[in-house]
Chemist: 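The structure's right below; bear with me while I get my questions together.
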Number of protein chains: 2
Amino acid sequence: MQAVYTQLQTISRRASARSRRTAEPLTLVQHTLLNFIDGTPECRAIDIAGAMRLNRSTVSRQVGDLQAIGLIEVGAVTAEQTSRGQLLTLSKRGRELLDRSIRANHDELERRLSEWSDDEIDDLAAGLERFNADEERSPS
Amino acid sequence: MQAVYTQLQTISRRASARSRRTAEPLTLVQHTLLNFIDGTPECRAIDIAGAMRLNRSTVSRQVGDLQAIGLIEVGAVTAEQTSRGQLLTLSKRGRELLDRSIRANHDELERRLSEWSDDEIDDLAAGLERFNADEERSPS
DNA sequence: ACACCTGTGTTGCATTATGCAACACTATGA
DNA sequence: TCATAGTGTTGCATAATGCAACACAGGTGT
């Protein structure tokens, strides 16, 4: 059981080390944000903060940067219900870079998992999903 | 397969978020360092840097801090072959805190995995180990 | 013996991601 | 209309990190 902890720790450590050295097309943070915005309809900054357990201010700055380099649009959309907060959407360029970044990660993963069978991959994914779901129940 | 990536990303993100808010008995970084030193005979700073993919300077500072608060000893041991670098060892207090920290994580994990069978846990651990082992082959 | 190279650690400086607290703005409800 | 709650922004501080320059110790080659 301790093994689970150790291995996850190693994964996290290496992931951040890698993301520090390289910047694919996108920073890890940028990738994560764009991905979240893309997958969340009516996404506002505060939603990101909640989901990623970050401070509002942090998200505000990251979002500001993404907007500054033209990867997202703030307050765009039809915004029927302008109330409460500004809606975030990917710009064309944002989508483009996100896609490229996803593809890069995909390729990288594919190399790492090249010797795995589909079932083995599914099993790992299922285990990880369950692990994360468990956390959502107990706040930790 | 993309699921594996997403789930791992979530795990990493949450782990760092958690470690930011809490400081068990030890910081995540401190815990990781002490744990590595503990598990590595004749451990030198440069070994840590290599294993964790960190810069020498970063390790130097972290080690300096740990020494300053009395959790490790630098250059101690019998050091038959004093050459090349200073050997790091846990101090009594270091071991104590590391043990406590390990126990805290252990408890936390136990809560999260309380509904898992031993086999399921073993499977997950095995999958993660394999995943990490794969990375060691392809540098990434 | 002396000059030189290599491996290790340290330090100055910069950067990134982050949190907290104070503030600004905007609806919404009483 | 005014108070309140929800969002976002900004000033300030901190932790972890990298890079480059430097310091130092041990071997090597001549």
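Convention: sequence-line order gives letters A, B, ...; per-chain numbering from 1.
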Chemist: B:Q86 side chain N/O closer than 4.0 Å to the phosphate oxygens (OP1, OP2) of D:dA25?
Modeler: no
Chemist: Would you mind telling me which residue lines up with the more 5' stretch of DNA chain D, B:S57 or A:A45, judged by nearest nucleotide?
Modeler: A:A45
Chemist: Return the value, rounded to whole Å, for the distance between atom CZ of B:R14 and atom C1' of C:dA17.
Modeler: 20 Å
Chemist: So what does B:V63 touch, heavy atoms closer than 4.0 Å: a base, only the sugar-phosphate, or nothing?
Modeler: nothing
Chemist: If only side-chain N and O atoms of A:N55 are considered, is one of them under 4.0 Å from the OP1 or OP2 phosphate oxygen of C:dT18?
Modeler: no
Chemist: Over how many whole Å does the gap from A:M52 atom CE to C:dG19 atom C1' extend?
Modeler: 16 Å
Chemist: Please determine if a side-chain N or O atom of A:R44 lies less than 4.0 Å away from the OP1 or OP2 oxygen of D:dG8.
Modeler: no
Chemist: Round to the nearest Å and state the distance from A:L54 atom CG to C:dC20 atom P.
Modeler: 11 Å
Chemist: Can you identify which nucleotide, out of C:dG9, D:dG8, C:dA17, has its nearest atom closest to the A:S60 side chain?
Modeler: D:dG8
Chemist: Let me know the distance between CG of B:L26 and P of D:dA15, rounded to the nearest Å.
Modeler: 16 Å
Chemist: Can you find an N or O donor on one side and an acceptor on the other, under 3.5 Å apart, linking the side chain of A:R61 with the base of C:dG19?
Modeler: yes
Chemist: Let me spell it out: for each of A:I46 and A:R20, pick the nucleotide of DNA chain D with the closest heavy atom. Which residue's pick is nearer the 5' end?
Modeler: A:I46
Chemist: For a quick check of understanding: with a heavy-atom distance under 4.0 Å over all strands, which category does B:R56 fall into, base, sugar-phosphate or nothing?
Modeler: base
Chemist: When you check the phosphate oxygens OP1 and OP2 of D:dT17, does a side-chain N or O of B:Q62 lie under 4.0 Å from one of them?
Modeler: yes
Chemist: Measure from CD1 on A:I69 to P on C:dT16 and round the result to the nearest Å.
Modeler: 12 Å
Chemist: Take a 6.0 Å sphere around CG of A:D107 and say whether it holds more than 12 heavy atoms from other residues, nucleotides or ligands.
Modeler: yes
Chemist: Checking only heavy atoms, does the side chain of B:R53 share a donor-acceptor pair with the base of D:dG18 at less than 3.5 Å?
Modeler: no
Chemist: Output the rounded distance in Å from CD1 (A:I48) to P (D:dT7).
Modeler: 13 Å
